[in-house]
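Okay, so here's the structure we're looking at.
Predicted model only: the values in this text are computed from it and were never measured. Here is how names work: the chains are called A, B, and so on, in the same order as the sequence lines, proteins then strands, and each is numbered from 1.
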Amino acid sequence: MLPPDWKLVKQITLDAFLIALEVLGVIAFALSGVIEAARKHFDLVGVVMVGFITAFGGGTLRDILLDRRPFFWVEQEFWVWVLIALAFFLPFFFRARHFVFTEKAIVIPDAIGLGIFTAGGTHIALELGSSPLIAVLMGVITAVVGGILRDVLVNEVPRAFHDHQPYAVVAFAGGWLVVLLDALLLPVSITLLFGSVFIILLRLMSVKFGWELKRWRFL
Amino acid sequence: MLPPDWKLVKQITLDAFLIALEVLGVIAFALSGVIEAARKHFDLVGVVMVGFITAFGGGTLRDILLDRRPFFWVEQEFWVWVLIALAFFLPFFFRARHFVFTEKAIVIPDAIGLGIFTAGGTHIALELGSSPLIAVLMGVITAVVGGILRDVLVNEVPRAFHDHQPYAVVAFAGGWLVVLLDALLLPVSITLLFGSVFIILLRLMSVKFGWELKRWRFL
Amino acid sequence: MLPPDWKLVKQITLDAFLIALEVLGVIAFALSGVIEAARKHFDLVGVVMVGFITAFGGGTLRDILLDRRPFFWVEQEFWVWVLIALAFFLPFFFRARHFVFTEKAIVIPDAIGLGIFTAGGTHIALELGSSPLIAVLMGVITAVVGGILRDVLVNEVPRAFHDHQPYAVVAFAGGWLVVLLDALLLPVSITLLFGSVFIILLRLMSVKFGWELKRWRFL
């Protein structure tokens, strides 16, 4: 049996790991929002706000749906400051490096956010006693809603519906993997890591190899 | 006096009736979302998601506003599966029948959803003790928000605001009818049936006869 | 020491003052929504709905995020009726006066709403025990979300992100002023009045003198 403080150390380590993972997801999604807003020539404040909404929109909607408080950005206030700083300094960094944004620039941060948020959202819903299907839907909502809000705010048809590449469906599949690993009673950190990596790789491969979803061509 | 199990039977019959009505509304609205997304050549996953959001968006916002849990789609998980199946198989069915979608194709399912959701939403809010005006607003929100989200997501000006045909105002009138019937202490099933049918007929007549709302032409 | 009914009188006066301020903000924002919808030739019902959403959208989202009930429009039902009446009669009034709406017509009501809602939202969040940063964010959300919804609903890029004039950043600064005045233990009415007026003036000056936010020109 572990002595009590060992347990505490493990708990703290796990908590720190979960927070680190969520922070990585937040920064990845914020980056995708910042890049998109910058491509549309928004002003600095607009860039910060779109970054913020992209990063926290999905998780906040999930928490509203699950009636779960406090929100991540209320609890982890430090990261709100990081995000604001990021959005302010990023443009100078990009300009100094003569960075050019193609439409593909947000693919990698977006994939990372997709993986981490789906796995995390599914896990949180399972812990609160949701059924497998609802947990997977919550994971998909966590991951997809931020990006949908981002695209609606820059007045475009949401990429998630329209680009004919697997996006939400990758999250859906990954959510079921998290449900499966969770049912096998694997440690939480392993479950989340496997789930996230699976989704990230699947998404990047689908972009790289140009997998396409059947579009509805019955008109 | 009714023996206890008679009461139970009546209660179960009423519950089944209410669920059947809501399912019909959900499928009608989902259909309108699916058709709209298909007309925009969304991919299969986008079609499922737009159908899902159109069907459940209004009721979910109503439940968030009324602080009411669990949501319909969390409680009646079976219908989520039906919806997913529907959105996947519908295109093949439509294509096989050489079905052509004109802009008018969503009028009938949309009217059915409008009627059922307004009546149901108003009734639920009244039961939770809302005042008549707030109950009617909740009914209108239940019925109209799904369609607004559908139109925003396909990047169009919401039809509810713009098509100059009575839509939300039909729901508003029908909501007051439900409030009236409720005040007369009619059985719930009668109230909901009358309210729904009144709205559906009024909406279909307004489309058929081309009734127009005054538009603001002061520019 | 004040006798008890003096205290009650002060409390009632303060409550009336707070409600009066919020009503002024609601009407100002509703007006901006009504004008915008009228400029897009929405029908009467669309105009009422966009006015309603612009006026109550921000406060409602704030209350959902803070888990605070009842909503302002549920509690102060009278003002919902005022709003509906306003949206119905305003067009006739405007037409009778040959009023022409330029794009600038919504600047003044919008600024008044911005000031009042930011100050009020920040104050409410502080009272519920939010940290300063979260309180300021809640103030900004209260003030900005209604306008963002208005612009999304008329299918335009939200002005708050895109017009390169200080808008949300003015609210952000004003929110911190409210936090400061609150920390100095000034009376609530003074805090709200100072905060609101500061934001309104700053916003109007920024429009008048054409202050511009740096846009991201790194493409």
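- Scanning all heavy atoms of the two residues, the minimum distance from A:Trp73 to C:Ile134 falls at O-CD1, 3.5 Å.
- Of the two parts of A:Val74, the backbone and the side chain both hold a non-hydrogen atom closer than 4.5 Å to a non-hydrogen atom of chain C.
- With a 4.5 angstrom heavy-atom cutoff, A:Ile64 touches chain C only via side-chain atoms.
- Atom CD1 of C:Ile84 sits in a crowded spot, with more than 12 heavy atoms from other residues, nucleotides or ligands closer than 6.0 Å.
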Can you list, pair by pair, the side-chain donor-acceptor contacts under 3.5 Å of residues 115-126 of chain C, counting residues two or more places apart and other chains?
from     : atom 1 : to       : atom 2 : distance (Å)
C:Thr118 : OG1    : C:Leu114 : O      : 2.6
C:Thr122 : OG1    : C:Thr118 : O      : 2.7

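- Within the 4.5 angstrom heavy-atom criterion, only side-chain atoms of C:Val152, from C-beta onward, approach chain A.
- Heavy-atom neighbours of C:Phe194 CZ from other residues, nucleotides or ligands within 6.0 Å: at or below the threshold of 12.
- Contact of C:Asn155 with chain A is made through backbone and side chain together, with heavy-atom distances under 4.5 Å.
- If you measure heavy-atom distances from C:Leu149 to chain A, you find no contacts under 4.5 Å at all.
- The choice from C:Val144, C:Asp67, C:Leu133 that makes the most heavy-atom pairs within less than 4.5 Å of chain A is C:Leu133.
- Taking each heavy atom of A:Met49 and C:Ile148 in turn, the nearest pair found is CE-CD1, 4.3 Å.
- Contacts of A:Asp63 with chain C are absent, with no heavy-atom separation under 4.5 Å from either backbone or side chain.
- C:Ala168 approaches A:Val45 most closely through the heavy-atom pair CB-CG1, 3.7 Å.
- Looking at C:Leu137, the atoms closer than 4.5 Å to chain A (heavy atoms on both sides) all sit in the side chain, from C-beta outward.
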